[in-house]
Every structure is written in structure tokens, then in C-alpha cells.
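The sequence lines fix the lettering, A, B, ..., with proteins before strands; numbering per chain opens at 1.
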Number of protein chains: 2
Amino acid sequence: MDIAALRAAHPDHWMRAAAIRTLTLDAVAAANSGHSGMPMGMADVATVLYSRHLKFDAAAPDWPDRDRFILSAGHGSMLLYSLLHLTGYPEMTLDQLRNFRQWGAITAGHPEYGHAPGIETTTGPLGQGISNAVGFAMAEEILRARYGKALMDHHTYVIAGDGCLMEGVSHEAIGLAGRHQLGRLIVFWDNNNITIDGEVGLSDRTDQMTRFRAAGWHVQEIDGHDPDAIDAAITAAKASPLPSMIACKTHIALGHAAQDTSKGHGALTDQGQLQDAKAAYGWTTGPFDIPAEIKSWWEEVGSRGATTRAEWQARLDAQSERRQAEFARIFARDMPKPLASRIRALKKQIADEAPKVATRKSSEMVLEVVNPVLPETVGGSADLTGSNNTKTGDLGVFDTDNRKGRYIYWGIREHGMAAAMNGMALHGGVRPYGGTFMAFTDYARPAMRLAALMGIPTVFVMTHDSIGLGEDGPTHQPVEHLAISRATPNTMVFRPADTVETAEAWELALSSKSTPSVLSLTRQGLPTVRTEHKTRNLTAQGAYVLAEATGKRRAIILATGSEVSIALAARDLLQEEGIGTRVVSMPCWELFAEQDESYRRKVLPAGPVRVGVEAAVRTGWDRWLCGERGREAKSGFVGMEGFGASAPADVLYEKFGITAEAVADKVKSLL
Amino acid sequence: MDIAALRAAHPDHWMRAAAIRTLTLDAVAAANSGHSGMPMGMADVATVLYSRHLKFDAAAPDWPDRDRFILSAGHGSMLLYSLLHLTGYPEMTLDQLRNFRQWGAITAGHPEYGHAPGIETTTGPLGQGISNAVGFAMAEEILRARYGKALMDHHTYVIAGDGCLMEGVSHEAIGLAGRHQLGRLIVFWDNNNITIDGEVGLSDRTDQMTRFRAAGWHVQEIDGHDPDAIDAAITAAKASPLPSMIACKTHIALGHAAQDTSKGHGALTDQGQLQDAKAAYGWTTGPFDIPAEIKSWWEEVGSRGATTRAEWQARLDAQSERRQAEFARIFARDMPKPLASRIRALKKQIADEAPKVATRKSSEMVLEVVNPVLPETVGGSADLTGSNNTKTGDLGVFDTDNRKGRYIYWGIREHGMAAAMNGMALHGGVRPYGGTFMAFTDYARPAMRLAALMGIPTVFVMTHDSIGLGEDGPTHQPVEHLAISRATPNTMVFRPADTVETAEAWELALSSKSTPSVLSLTRQGLPTVRTEHKTRNLTAQGAYVLAEATGKRRAIILATGSEVSIALAARDLLQEEGIGTRVVSMPCWELFAEQDESYRRKVLPAGPVRVGVEAAVRTGWDRWLCGERGREAKSGFVGMEGFGASAPADVLYEKFGITAEAVADKVKSLL
């Protein structure tokens with residue numbers, strides 16, 4: 001690559017982009033770790049994007065109508081940190097860059113949502129950013145349809161690398177974007193032909209441009225170091241009604257000795273080579289030292305959006321008070337007043353009627369109540385709408401001719417759905433929930449973990465949550481998936497026992513601002529166990545005494561979901577034999593763990609024998625059976641020890657020994 | 001669809017294919033559950049494939065050189081069961097079909113590997129079969145290169161539906177197949193335009209044929225109900241040096257009232273409609289009653305491969321004894337004699353030298369010893385070869401011009417890698433292992449679960465197994481992934497503490513015939529803790545006393561992997577204060593759980609305080625801290641309570657409080 005020619009062709013642009021390159025080199029050298037090559041390769045694209053197209057105001061990073069920039073190739077985090085610093089985001093100080101990848105710094109190895117304004121999503125696990133972006137773009141379409149261009153009129157830009165495009169989830173994402181003609185979505189492919197193991201051709205020879213065209217995208221190919229070509233391509237992309245992919249031919253680690261090699265992908269810390277690269281760039285200042293003229297140009301880039309934002313604010317201020325309040329509320333993730341009373345009314349009705357109903361159906365009953373008062377919910381299912389019971393009458397279907405539709409047919413794309421829902425939640429103004437079979441938690445896992453790590457309230461509606469699924473067999477029967485979600489930090493796993501608990505779980509999931517929820521729901525019908533109406537949300541405490549022992553309390557049965565009614569039946573058997581037995585329903589372990597010790601002790605006093613019952617593996621249960629410090633009780637568990645089988649649900653419960661009799665026997669064996 | 005015209009055009013073919021359709025209708029009606037439409041739509045393709053192309057002998061379903069048929073659209077299981085019954089696989093009796101989806105039957109809702117010969121892999125979770133198939137085809141290429149066409153010369157056929165092709169993993173699979181020009185892989189796409197939620201267009205408008213071409217495939221489009229077109233397409237596909245995709249335009253639930261609708265995807269049990277469909281087919285016999293002429297034609301199809309198989313057997317018998325023995329051994333998944341002695345020698349050397357080394361590097365040291373004596377190993381990494389340390393010098397790289405290569409550059413495709421490795425293990429004759437970062441267990445999960453469910457010994461090399469990964473930060477730091485794999489039935493999770501335990505873990509993983517293994521390995525260097533050489537594989541018991549208490553035993557510290565050396569240091573601190581402390585290393589919980597109670601009691605006697613230490617969440621630990629029945633010990637845990645952070649590893653251990661001091665303090669707080 002002839003660096004001198006690049007400099008000569010666009011001298012001003014060159015030095016502005018070089019600021020990104022040199023900050024990257026300096027920060028990686030300071031950390032002695034990181035990824036230098038990608039920011040050095042994509043600095044030109046980023047410079048043109050930020051300075052000529054991106055609608056933003058560094059002083060107001062939460063402006064709802066800003067363009068979103070998503071660094072899907074998250075290992076190139078120094079590209080983003082450099083841009084945020086240069087354009088004047090106050091938090092992104094030079095000190096933060098100097099402390100790249102150090103304890104307490106906001107400049108983590110990969111961009112972490114919440115660490116600093118301007119980081120729109122957490123990336124690093126490849127393919128996530130581009131898939132989040134689909135949700136960002138859908139949210140923009142939905143909100144534009146609802147509030148008009150005056151309030152919602154922006155683009156979502158993504159930089160994706162070869163890794164993002166090799167990951168399977170990218171296929172799901174680009175299929176969705178193509179299907180829904182998300183014309184405001186523009187993806188730059190950093191086509192540098194290098195992965196960690198070597199040239200891309202070692203592992204892949206896909207014709208990416210043809211692939212994107214096959215998915216319904218507008219595709220262009222440019223020299224990723226030519227600012228005018230970049231500019232023209234972005235202009236053309238914005239003009240296209242289709243989502244756009246711009247294949248940017250770039251050189252990884254441009255201008256460094258490691259250029260165009262897999263070594264260039266990693267940490268370039270050799271001081272001699274670093275100085276040589278800076279010399280080639282014509283960069284004469286020391287580490288982290290940006291010439292004033294360049295810095296001020298970038299700061300102007302970062303502040304020039306202030307006018308546009310002020311105009312937008314004026315348009316918002318001109319809206320009706322009611323509309324302004326709603327707009328503010330949905331972006332604040334606040335719940336509307338009527339929610340609580342609607343939920344309470346449903347709980348009362350159910351307690352009175354005591355229907356026998358599958359909790360997936362209970363969930364639909366709740367959604368029928370919720371969706372009309374929450375215009376921000378966006379539901380969907382990964383091609384299991386009728387099974388997940390996620391679609392209510394009033395939602396409408398999101399489509400190219402109905403952008404107001406609030407229901408998404410995600411197709412057979414659990415991972416893409418989960419990642420796009422995260423994008424919606426991150427965009428703000430919508431509250432996404434989506435369904436699949438609980439066993440397919442496995443497919444959605446990478447995105448579910450990121451929802452937890454980012455602290456966003458995505459709601460995963462996981463139905464068919466045990467062997468109760470029946471004939472479809474062990475591939476479709478979760479046994480370890482409750483444990484998987486419970487083991488994940490910052491995740492609320494709700495396994496409601498009936499419609500009342502399902503309503504309480506939904507209320508908590510929707511009220512959460514910073515924690516994703518997993519709703520574990522049955523296929524099979526369950527009796528109502530909460531037949532005594534309580535205004536209070538008992539699920540909010542995570543676990544509570546559902547049925548007290550009659551006589552001396554000798555045993556406590558702990559159960560969740562479909563096994564709560566089994567626990568109650570076991571209690572009946574034991575009480576008949578004079579064994580005082582309490583039943584504790586535990587719809588949400590995480591919330592129970594957050595209660596103060598006195599409440600937890602009250603629900604689970606030391607002494608009585610404890611038996612847990614759940615149609616799943618035991619993993620995690622011992623915490624409640626033994627207590628945090630051990631020794632609280634003799635204990636046992638009735639559940640699954642391996643995978644399920646294909647047969648009718650009632651046969652499976654019998655064959656796998658998850659019955660009232662087995663629970664009662666387990667209690668007696670411990671007494 | 002004009003059924004009469006179809007019948008008239010190919011009357012003999014029609015009735016043979018109708019046998020599949022009617023068996024499907026009958027079995028689904030008997031079960032009152034299942035998926036009728038797919039087998040009814042693809043019966044013509046299957047009939048032509050089995051009768052004119054598939055190389056198999058129903059009497060010898062394990063013949064290593066048979067063609068493989070993989071039903072990726074596993075919900076259409078009755079297609080496969082019908083074929084196995086009709087062609088005379090002895091186990092697949094009419095009674096089994098009558099008991100479709102019932103307890104104890106081999107005819108599960110989705111095909112389950114191991115239930116019956118002829119089921120090559122477990123499918124149902126969509127996209128898995130087509131991705132397994134890539135591994136099947138790779139294994140065939142590798143073995144053909146090694147043993148010649150005389151012994152290995154077959155094809156892998158797949159039926160995939162729209163769901164398979166929407167799932168992200170299909171993108172990874174077809175990219176791999178295209179890159180490696182797996183010309184023996186032939187995929188039929190059941191292009192019926194229907195998913196559960198409705199027409200495919202609701203969620204997807206991808207041009208699948210262009211997409212496959214972009215990935216380097218040979219693509220044809222045919223009428224999936226025209227036997228001659230099907231035949232010609234298969235012939236052309238076999239002639240192409242590229243992997244082939246045959247887009248088969250079909251009608252789901254052909255000839256039934258529900259044809260071409262999403263209802264047709266599910267269980268068609270209405271008796272009137274069922275009889276109408278049979279009448280349209282010209283089918284006059286009762287349920288499960290196949291006219292003798294049709295059955296005998298199918299049985300001839302099932303037995304005609306016997307000659308080809310006998311010829312193959314003669315060619316095998318003509319090989320050298322050594323070659324025959326090796327061939328038999330690798331397909332029996334037996335280990336060669338030298339393995340044990342090589343492992344022992346390495347253990348002795350390490351015990352003597354006591355190096356400080358990361359266990360990912362230890363793993364490489366083991367593989368350098370293992371790979372030369374195990375010609376069947378096939379290694380690889382999802383673009384982290386230098387980090388996972390999975391490539392040894394002698395393997396060679398699998399490529400279009402080096403089919404003998406035993407190392408695969410999988411690219412950034414964790415899921416595709418895992419699924420293809422499963423396919424290799426299922427094909428037989430190769431032993432796959434592959435690496436990625438442990439946090440990306442999430443991406444590989446659906447395939448890892450299926451390895452466990454199927455009972456195949458795939459080896460997942462998961463490096464960078466904790467916050468010890470350091471600066472890359474929380475996206476790349478597993479905290480819940482040990483719990484995830486441990487919660488999964490039939491999975492051995494090894495977390496070795498040093499090179500000696502790593503060698504033992506590898507020996508166990510390779511010796512396993514029916515259980516996948518997860519090797520949890522560090523990025524950071526660890527001291528050798530097993531400095532006293534033992535010939536015996538101590539890891540085989542899952543947990544063992546690494547250091548005994550001096551004086552009265554008052555505490556037991558349980559630890560795994562990188563925390564074992566921390567436990568030993570904590571023991572030193574405690575012993576200095578006169579607190580007798582035992583350290584138990586627990587490299588494999590699952591194997592420890594399999595030991596008899598007396599051994600488990602010996603290692604973990606009731607009484608002394610127990611503290612677990614692991615740089616991960618507590619989930620699952622309480623089983624060992626409290627005992628199966630609770631109350632065994634006062635206990636505590638030192639580990640992670642949430643996600644990690646970006647900083648150097650030693651800083652993170654300090655900041656998150658996973659130190660010898662913290663462990664010693666925890667013990668003292670419990671005494």
C-alpha cells in the first residue's frame with residue numbers, strides 16, 4: 001500500500017483519520033494488549049461516516065433520534081473509543097484511552113454498553129452487533145410509523161468484519177433485514193481478507209456480495225481508503241429502499257509492518273514498528289498527543305449536530321402533552337399507570353374462576369391485558385406463534401406495508417430474534433418479547449447472555465418448558481435450561497405455577513429496566529393454585545409459602561411451575577399421614593435471593609426436611625435445600641437425572657417418577 | 001395439485017411412494033401427534049434416492065462405506081421410519097410404527113441416534129442435520145484419502161427444510177462445504193414454501209439458490225414430485241465436484257385437504273380427510289397395511305446392496321492385517337495400545353520437571369504425544385488456532401488438495417464446527433476435537449447438547465476458561481459456562497489443574513466411546529501441582545485428595561483447574577495457623593459422582609468445614625459442599641458472583657477476591 005499516495009490524495013482527511021490510527025497504536029501499546037489492525041484499517045470509513053453523515057451530538061448522547069453506530073467487530077474497540085474521544089464525548093477522556101483495558105476504565109477490551117455514552121451495544125462475540133442492528137432498525141421503523149418523521153428519522157450504521165459475516169447469526173440477521181426491507185440499515189463490511197488464523201480463504205470463500213444480494217440487500221463495493229468513494233457509497237446506500245451493504249476493501253493495520261497479515265489483527269506493540277508507522281502517516285506528535293487543529297476539527301464534527309437536535313427538540317416540544325409524556329415514558333422504560341390495576345384485575349378474575357390452563361396460554365391471557373395499555377411492546381415468535389401464544393389480537397403484524405405492526409414473524413431464527421430483540425431494547429422506545437421452545441434457549445444463548453451483561457430488559461418467552469412437552473421427545477424437552485438461565489448473572493428466570501403467578505411474572509418482567517427475563521411456561525394444562533386473591537405481587541419476593549403445614553411442620557416441599565400442583569398433592573398425602581408439610585412456591589429464585597435474610601428464613605426455616613421438585617436437573621437446587629452455609633436441613637430432590645423421552649406428557653411424568661407419591665416418599669425417606 | 005396426473009405419469013413409482021405417505025398418515029393418526037406434511041411432500045424424492053442411488057444394505061446398517069442419509073428436517077421422522085421399515089431394517093417393525101411417539105418405542109417424535117439402526121444422527125433442532133452432514137462428508141474425504149476408494153467411497157445425502165436453511169448454523173455449514181468442495185455432499189431442499197407460522201414469505205424472502213451458489217455450491221431446481229427429474233438431478237449432483245443443492249419444489253401434505261398450508265405441517269388426524277387422501281392416492285388397504293407387491297419391491301431395494309457390500313468386504317479382507325486391524329479399531333472407537341504408555345511417560349516427565357504452564361499449552365503438549373499414535377484424531381479451531389493450541393506439527397491441514405490433512409481451519413463458526421464434529425464422530429473412523437474460547441460455548445451449545453444426547457465422544461477444547469483470560473473482558477470471560485456444561489446430562493467436564501491432570505483428562509476423553517467431553521483450559525500459566533508421579537489416572541475418579549491435612553482435619557478446600565494452586569496456598573496459610581486442611585482437586589465432577597459412596601465419603605468425609613473455590617458462579621457447587629442429602633458440613637464458596645471485567649488477569653483475581661487469603665478467611669469464618 002502506498003501510504004504516501006493516500007496522504008497526497010486527501011491530505012486533510014488523511015491526518016484526521018490518522019488520529020484514530022495513532023490513538024489506537026498508542027492505547028494498545030500502553031495496554032500491551034488489544035487489537036490494532038481493525039481500527040487502522042477502518043479509520044477512513046469511520047472518519048467519513050462520522051464527519052459527513054452520522055447524525056449525532058456528542059453533548060447529548062441519549063438523543064432518541066440520533067443515528068446509531070454499531071461496531072459489530074467489537075475487538076476493534078479503539079476505533080469507537082477514538083471516535084468518542086475525538087468528537088468530544090465528555091466521559092471519553094484521554095486518561096480513559098491511556099487506561100485502555102485496565103481495571104475501572106470505561107475502555108474495556110470490547111465495547112461494553114453502559115460503560116460510556118456512545119457505546120450503543122456490547123460487542124465482541126462476533127455477529128451480535130450486526131444482529132442487534134436489525135432490531136435497532138426495526139425499532140426505528142416502528143417508532144417512525146407511530147410518531148412520524150418529525151420525531152423519528154434516523155439510520156443505523158454497522159461495521160462488521162469477516163468474523164461477523166461467517167457467524168451463523170449474521171445469516172439470520174441479513175435474512176430479516178432483507179425480508180423487511182430495512183432501508184435505514186447500512187452495513188460496512190471491513191473486507192480486509194484476514195482472520196486470526198490467516199487469510200480468509202483458509203476457511204471461507206463465500207461471495208459475500210452475492211450472498212447479501214440473495215437476501216435482498218443493496219450492495220456496493222468500494223476502496224475503503226478512498227474518502228470520496230466512501231462518501232458516495234453512503235449517499236447511495238441512504239437513497240436505496242433496501243438495507244445496504246458496502247463492501248470496503250481495506251488493509252488491516254494500514255501502514256504498519258504487520259499490514260495485511262494476521263499478526264496485524266492483534267496487538268501491535270513493537271515500538272520501532274509503531275514509530276515507523278507514525279512516520280509513514282506523517283504524524284509527528286508524541287503518544288496520545290493530537291495536534292490542536294485536528295482535535296478541533298473533530299470537536300466541530302461532534303458538536304455540529306446540536307442544531308439538528310435543537311430543531312428536533314422543538315418539534316417534540318410542539319407535540320401534545322400526552323404525546324410528549326408517552327414519548328418520554330417509553331424511552332425511560334417506565335410502565336404506564338394502568339398496568340398494575342389491569343394485572344390485579346386479571347389476578348382477581350383468575351383466582352375466582354380457577355381455570356386449568358397451560359401457562360403459555362396464561363401468558364397470552366396476560367398479554368391480552370398488557371398489550372393494549374403498553375403501546376411499546378413488540379411481540380414475536382421464532383415460527384411458533386400458535387405454540388408460544390405470543391400474538392394478541394391488537395398487535396398487527398410488522399411488514400413492509402405495515403410499519404406500525406407490533407408483532408414480528410421472526411422465522412426459524414431463535415438467535416437472530418434474541419439478538420434483534422436486544423437491539424430493540426437498546427434502541428429504546430419499544431419493549432420486545434419473543435418466544436420459542438425452551439429447549440431452544442440453546443440457539444438464543446449468546447444473545448441472552450449479552451442481554452444480561454448489558455442490563456437490558458429483553459423478555460424471552462420460553463414455552464414447552466419440560467418433559468411436559470411430551471411426544472416431540474428429548475431434543476425438544478429442556479432439562480438443563482432452567483439451570484443454564486439461572487446460572488447466568490443478572491437474569492430473572494420466572495417459572496410460574498399458574499395464571500396468577502404468570503401475571504405477576506409478566507408485571508415484574510415489564511417493570512424491570514435493567515434485567516432480562518426468561519419466562520418458563522408449560523405446554524400442558526395446570527390447575528390454578530393461587531385461588532385466594534392477593535393484591536400484592538407475591539412473585540416479587542421470588543418464593544413464598546403457598547400452603548402452610550397443618551400441625552407440627554416437619555417438611556417443606558419447594559417447587560416451581562408445573563410441579564407446584566404436584567407438591568400440593570404430595571402435601572395432601574403427607575398430611576393424611578399426619579406429617580405437617582409446608583409448600584413453598586419459588587417462581588423466581590433470583591428475586592428470592594435478593595430478599596433479606598429474615599424473609600428467607602421465614603420461608604425456609606432451618607430444621608424441617610426439605611424436598612425440591614422440578615421436572616429438570618437438580619443443578620442449583622442445593623442452594624435452597626441446604627442453605628447458603630450448608631447444614632440447614634436434610635434434603636432431597638425429585639426431578640430429572642438425564643434427558644427426557646418421546647411419549648405423552650402424563651406417561652413421562654409417571655415413568656420419570658415426578659409424582660406426588662414420589663415426592664411424599666422422598667420426604668418420608670428423609671424423616 | 002393434480003394427483004391423478006401424477007399417478008398416471010408414473011404409476012409404479014406413485015404407489016411405492018404412496019406407501020411412505022400412508023404409513024405417515026397412519027402413524028400420526030395412531031399417535032394423534034406428529035408431523036404429516038413433510039414425509040408426504042418428500043416421499044417422491046426419498047423413493048428415488050433410496051431405490052436408484054443410495055448405497056446401503058438394510059441387513060448391515062453399520063457398514064462403514066454405506067451412503068449416509070440424514071433427515072435434517074427431523075420433524076418428518078415418519079419419512080425415515082417408513083423407509084427403514086419398507087426396506088427391511090429388522091428393528092423397524094410395523095409395531096414400532098404403530099407405537100410412533102410412545103414410551104419405549106424406537107420411533108420417537110424426532111429421529112434419535114441409537115434408537116434404531118439407520119438413524120444416522122439425532123435431528124429435530126433445525127439446521128443440525130445439514131451441519132452434521134458437513135462432518136460426515138469431511139470424514140469420508142479424510143478416510144478415502146487414507147484408505148483409498150476401495151474402502152471408502154460414499155455419499156452423504158441430506159433432506160433439509162426451510163427451517164434448516166433459515167437457522168444460522170446452515171450458513172456456517174454451507175460455507176464450510178463450499179470452501180472445501182465437499183463434492184460427495186448432496187442436499188435436497190424441501191422447497192414447500194410453508195413454515196409453522198404460514199407461508200415462508202412471512203419471514204423470509206432469501207433467494208436460496210443464489211445463496212448456495214455464492215457459497216460455492218452446484219445448484220439445481222426440480223419438480224420434487226417428478227421421479228425422473230429427481231433421478232437426473234441426483235446423477236448430475238454426483239458428477240459435480242462441488243457440494244450440491246437440489247431445490248425440490250414440493251407440496252407439503254400432498255394430496256391431503258391440508259396440502260400447501262401450515263396446517264399440513266402438523267398432525268393430520270381427521271379420519272375423513274385421511275381416507276380422502278388415501279382414496280386420491282389409489283390406496284385401498286387398511287391402516288399400516290402395505291400391499292405385498294409394494295413391500296417386496298421395497299425389500300428388494302433394501303437388500304440389493306448386499307452384493308456391493310460383499311465386494312467391499314472382500315476388498316477389506318484383502319488388506320494387510322495391520323490395516324484391517326486399524327480400520328476395525330478406529331470404527332470401534334478403541335484406543336491403540338501405545339496411548340496409555342505415552343500418557344504415563346508424559347505425566348512422569350511433567351512431575352519431574354514441574355513446569356509452570358497454561359493448561360491450553362498443556363493440552364498442546366498432550367496432543368503432541370497423542371496425535372502421532374492416533375491417526376484418527378482430527379483437530380481444529382474456530383479461528384483461534386494459536387490461542388486454543390489445538391494444532392500439532394504432524395497433522396497437516398485439510399484442504400481441497402490435501403484430503404489427508406487432519407487439521408481443520410473452521411473459521412469463525414463455533415456452532416458449525418461443533419455440529420460438523422458431531423457428524424465426524426457419527427460417521428466413525430475419525431475422532432474430532434475442536435477449540436474455541438470457553439465463553440463461546442454459548443455459540444456451540446445446540447450441537448454440544450446433541451453430542452450428549454446422542455452419546456458420541458466429541459471433544460470440545462474450551463480455552464480461556466475464566467476471568468484469567470484478562471483484558472478481553474466480560475464478553476469473553478466465562479463465568480456460568482462450567483455450570484452450563486455440568487448441568488447437561490452425559491457430558492464430562494474436565495477442568496484440569498496442571499499438565500498432569502490435563503494429560504489424564506485427555507486420556508479419559510479419548511477413551512470415552514459414548515460421552516462428549518469439555519476440556520476447560522486456562523489462558524494463564526499454572527504451577528504443576530501433581531509433582532509426585534502416579535501411574536494411575538487420578539482424574540478417572542473425578543476428585544481426589546491432593547494434599548492431606550496436617551494434624552486434625554478441620555477443613556476441606558475443594559477446587560478445580562486454576563484455583564487448585566490457590567487452594568494449596570490457602571492450605572499453607574491455614575496450616576500455619578494450625579488449622580488442619582485437606583485440599584481436594586475435582587477435575588471432573590461427573591466421574592466423581594459415579595464413584596461408589598465409600599470413595600466419595602473418603603474424599604469428602606462429613607464433618608470438616610468445606611469451602612469450594614472456582615473462578616465461576618457457585619451454581620452446582622452446593623452438591624459437593626452440603627452432600628446429596630444435605631447437612632454434611634458447614635460450607636462456603638469463593639468464586640464469581642457476576643460477570644467479569646476487562647483488566648490483566650492477576651488484577652481481576654485480586655479485585656474479585658479469588659485469592660488464597662480470601663479462601664483461608666472463608667474457612668476461618670466457618671470454623
For [Y], is there any backbone N or O sitting under 3.5 Å from a side-chain donor or acceptor partner on [X]?
X      : Y      : result
A:T385 : B:D197 : no
B:T210 : A:A214 : no
B:H110 : A:D472 : yes
B:R413 : A:S203 : yes
A:E172 : B:G168 : yes
A:R179 : B:G201 : yes

If I compare all heavy atoms of [X] with all of [Y], which pair ends up nearest, and what's the gap?
X      : Y      : result
A:V617 : B:P489 : CG1-CG, 4.4 Å
B:T488 : A:E480 : CG2-OE2, 3.5 Å
B:R101 : A:S646 : CA-OG, 3.5 Å
A:L453 : B:P474 : CD1-CB, 3.8 Å

Region of A:P478 that comes under 4.5 Å of a non-hydrogen atom in chain B: backbone
Segment of A:V479 engaging chain B (4.5 angstrom heavy-atom cut-off): both
Whether B:F656 and A:W103 hold their rings parallel, tilted or perpendicular, with breakpoints at 30° and 60°: perpendicular
A:Y443 and B:H415 aromatic ring geometry - parallel, tilted or perpendicular at 30°/60° bounds: perpendicular
I need the [X] [atom1] to [Y] [atom2] distance, nearest 0.5 Å.
X      : Y      : atom1 : atom2 : result
B:D622 : A:W624 : CG    : CH2   : 9.5 Å
A:H171 : B:L165 : NE2   : CG    : 7.0 Å
A:R213 : B:T206 : CZ    : OG1   : 15.0 Å
A:T475 : B:L450 : OG1   : CG    : 7.5 Å
B:E112 : A:F643 : CD    : CZ    : 10.0 Å
A:I412 : B:I196 : CD1   : CD1   : 7.0 Å

Between [X] and chain A, which part of the residue has a heavy atom less than 4.5 Å away: side chain, backbone, both or neither?
X      : answer
B:S33  : side chain
B:T122 : side chain
B:S170 : side chain

pair A:R449-B:H481: side-chain heavy atoms closer than 4.5 Å: yes
Step-by-step side chain to side chain contact (heavy atoms under 4.5 Å, CB included) determination, A:D383 to B:M166: CA-CA 11 Å; A:D383 198 44; B:M166 268 196 246; over 6 Å; no
